[in-house]
Amino acid sequence: MWIADKYIDYVKKQTIQDPEESWKKILMGFKANKLRMNLIPRKGISKGYQKLEAMMMSFVADSLARPDSYIWGNIFAPCELVRCFQMGTLSIECLACYLGGYHLEDHFIDYAQNAGIAPTLCSYHKTFVGAIESGAVPVPRYAVTTSLSCDGNLNTFRYLEKKKGVPFFFLDVPYQDDAASVDYLAQQLKEFAARLEALTGRPFREEALKESLRIENETRRELLRFFELQSRHYYPGELISHMYMMMGMHLLIGTREFLDLLRYMMEEIRTYPRFEGKRILWVHLIPFYQESLKQYLNANEQYQIIASDIILDSMEELDAARPFHALAGKIIRNMYNGSYENRAAAVEKLAERLHPDGVIQFCHWGCKQSSGSSVLLKEKIREKGIPMLILDGDGIDKRNSHDGQIKTRLEAFLEMLDAEGRERKKIC
């Protein structure tokens with residue numbers, strides 16, 4: 001691993017000194033990591049999670065190597081529709097995480113703030129804006145974003161259009177869930193498809209979207225079954241494994257490739273022993289770099305994340321016969337849209353199905369909707385008799401997370417779960 005660490009340090013130094021000349025080196029690192037994942041298996045984690053990491057690394061590396069093959073989007077952008085035009089969607093949050101792999105997030109965040117970006121903007125967005133503003137990352141032809149969840153989406157894409165000339169399509173997602181709202185968003189999606197036709201010169205094929213939605217329905221059902229199996233079997237993964245699963249569910253959902261991987265994982269997990277430790281349901285973003293969390297949740301037979309709400313933020317069964325309305329309904333009924341009661345109810349439903357021993361919510365700095373409503377969720381979860389821990393930190397900027405504080409609170413929470421487990425055994 002020292003070779004990779006040396007290369008990371010080299011690329012960071014080069015990017016800071018000469019950002020416009022560093023892109024080829026950044027991309028070379030992505031491609032090398034893709035090759036490494038395919039040739040040198042990781043020890044200590046399941047083969048399924050290794051395959052997932054290799055798949056996501058390949059998707060990002062292959063897309064970035066061909067600028068005309070993708071458009072930018074936010075994590076909730078409709079990748080199914082974009083794929084009908086033989087293109088992929090790269091979310092700005094996803095790319096920020098990959099740049100964080102080079103430890104460049106602090107440099108890009110500072111660069112963005114020095115360029116006038118507000119310090120209160122989400123650090124994923126600031127990392128991305130800093131990378132673009134510095135010239136380290138090239139710009140594609142087009143972008144799409146939604147108003148869903150994050151109030152920074154529209155401002156970030158407006159800034160990129162003004163500064164770098166990247167036109168974007170804005171999907172205004174209604175707050176209310178009713179027939180008129182679904183019609184309104186479905187019409188926007190049709191307009192977006194027409195815009196992509198003009199951009200690519202390729203005709204829209206409705207059957208391709210219908211097939212994608214049929215595969216998506218299968219994928220969502222299989223994922224729920226996988227979560228159930230993961231609550232019963234020890235299936236070694238890492239914090240970052242769950243982040244890759246979240247990326248896959250938002251960037252590759254509706255592809256046969258991703259569905260086949262999930263089915264492979266379901267077969268493999270059945271070969272693993274019964275999980276006898278504490279099952280954790282994770283809420284919101286995953287700080288993949290956090291050392292204390294990695295210590296307790298990376299391939300640990302005592303504590304295992306069994307599911308995350310941001311991986312399965314929509315449980316909508318899609319009617320492929322009406323693809324635009326189905327896609328509109330999915331976006332509107334995403335648990336991150338509308339009242340926080342919707343999200344609390346969805347997490348509660350997951351808890352009822354998976355029976356976790358504890359729930360951990362990570363409140364990402366700058367994400368107002370998560371932090372502001374965490375107490376409401378905690379009350380809901382307590383009514384179910386499930387302990388819940390709220391952790392404050394930053395999903396990508398290490399300077400906004402205090403590892404010592406997180407470690408102290410996490411250890412106390414896990415000790416409480418262990419003590420409750422011992423008490424139940426005595427009663428039984």
Side-chain angles (χ1 to χ4, degrees), residues 73-83 89 91 93 144-151 153-154 169-193 209-210 212-225 227 245-254 258 281-285 307-354 361 367 369-370 372-373 376-377 380-381:
N74 71 321
I75 197 65
F76 300 114
C79 65
E80 306 95 327
L81 186 52
V82 176
R83 201 178 302 115
T89 309
S91 77
E93 302 92 341
V144 59
T145 191
T146 71
S147 60
L148 179 59
S149 180
C150 179
D151 56 7
N153 284 328
L154 180 56
F169 193 93
F170 177 62
L171 291 167
D172 179 26
V173 181
Y175 192 78
Q176 298 296 327
D177 176 14
D178 53 38
S181 296
V182 173
D183 287 342
Y184 172 68
L185 186 54
Q187 182 58 40
Q188 292 181 64
L189 290 167
K190 290 176 182 177
E191 292 170 9
F192 179 44
L209 181 57
K210 289 180 178 179
S212 180
L213 298 188
R214 285 190 284 265
I215 294 172
E216 183 167 338
N217 285 333
E218 291 182 63
T219 303
R220 197 170 287 109
R221 288 192 292 266
E222 296 286 40
L223 181 65
L224 270 169
R225 295 188 190 109
F227 282 165
M245 182 67 81
M246 181 272 290
M247 290 179 180
M249 281 294 291
H250 290 85
L251 303 179
L252 293 177
I253 186 70
F258 188 72
L281 175 59
W282 192 272
V283 175
H284 204 45
L285 299 170
S308 168
D309 73 324
I310 201 168
I311 294 175
L312 190 64
D313 50 34
S314 174
M315 301 186 190
E316 184 80 359
E317 184 76 11
L318 307 179
D319 180 7
R322 302 184 71 206
F324 286 105
H325 282 76
L327 201 52
K330 170 198 167 182
I331 296 171
I332 290 172
R333 292 171 196 130
N334 186 297
M335 68 170 69
Y336 283 81
N337 189 42
S339 167
Y340 193 84
E341 289 281 358
N342 298 340
R343 185 176 173 197
V347 173
E348 186 179 17
K349 188 176 178 181
L350 263 180
E352 289 172 352
R353 183 161 184 166
L354 301 176
Q361 175 169 356
C367 193
Q369 60 86 20
S370 178
S373 304
L376 173 63
L377 177 60
K380 284 270 189 184
I381 294 300

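Keep in mind that the numbers below use all heavy atoms, side chains included, and drop hydrogens, waters and symmetry copies.
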Looking only at non-hydrogen atoms, find the nearest pair between [X] and [Y] and report the distance.
{"X": "Ile311", "Y": "Met249", "answer": "O-CB, 3.6 Å"}
{"X": "Ala307", "Y": "Leu354", "answer": "CB-CD1, 3.5 Å"}
{"X": "Ala77", "Y": "Thr89", "answer": "CB-CG2, 4.3 Å"}
{"X": "Leu377", "Y": "Ala344", "answer": "CD1-CA, 3.9 Å"}

* Pair Asn74, Thr146: side-chain N/O donor-acceptor within cut-off below 3.5 Å ->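 On atom types as modelled, these side chains qualify, holding a pair under 3.5 Å.
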Side-chain heavy atoms of [X] within contact of [Y], under 4.5 Å:
{"X": "Met246", "Y": "Glu93", "answer": "no"}
{"X": "Pro174", "Y": "Ile332", "answer": "yes"}
{"X": "Arg333", "Y": "Asn342", "answer": "no"}
{"X": "Arg343", "Y": "Asp313", "answer": "no"}
{"X": "Ile215", "Y": "Phe258", "answer": "no"}
{"X": "Gln361", "Y": "Asp309", "answer": "no"}
{"X": "Ser212", "Y": "Arg83", "answer": "yes"}
{"X": "Asp319", "Y": "Leu213", "answer": "no"}

* **Ser147 (side chain) donor-acceptor with Asp172 (main chain) under 3.5 angstrom** =>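 Judged by distance alone, no pair lies under 3.5 Å.
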Mind checking what makes salt bridge (Lys or Arg N to Asp or Glu O under 4.0 Å) contact with [X], not counting sequence neighbours?
{"X": "Arg220", "value": "Glu216"}
{"X": "Arg353", "value": "Glu228"}
{"X": "Glu218", "value": "Arg263"}

* **side chain to side chain contact (heavy atoms under 4.5 Å, CB included) between Tyr336 and Ser314, worked out** => CA-CA 9 Å; Tyr336 283 81; Ser314 174; over 6 Å; no
* Give the ring-plane orientation class for Phe76 versus His250, where under 30° counts as parallel, over 60° as perpendicular and anything between as tilted. =>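 Perpendicular: the ring planes of Phe76 and His250 meet at over 60°.
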* Asked: Is any NZ, NE, NH1 or NH2 atom of the basic residue among Arg225 and Glu222 found under 4.0 Å from an Asp or Glu carboxylate oxygen of the other?
  ->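 Yes.
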* To do: Any chance you could lay out the side chain to side chain donor-acceptor pair (under 3.5 Å) test for Asp183 and His325, step after step, and finish with the verdict?
  => CA-CA 7 Å; Asp183 287 342; His325 282 76; 2.8 Å; yes
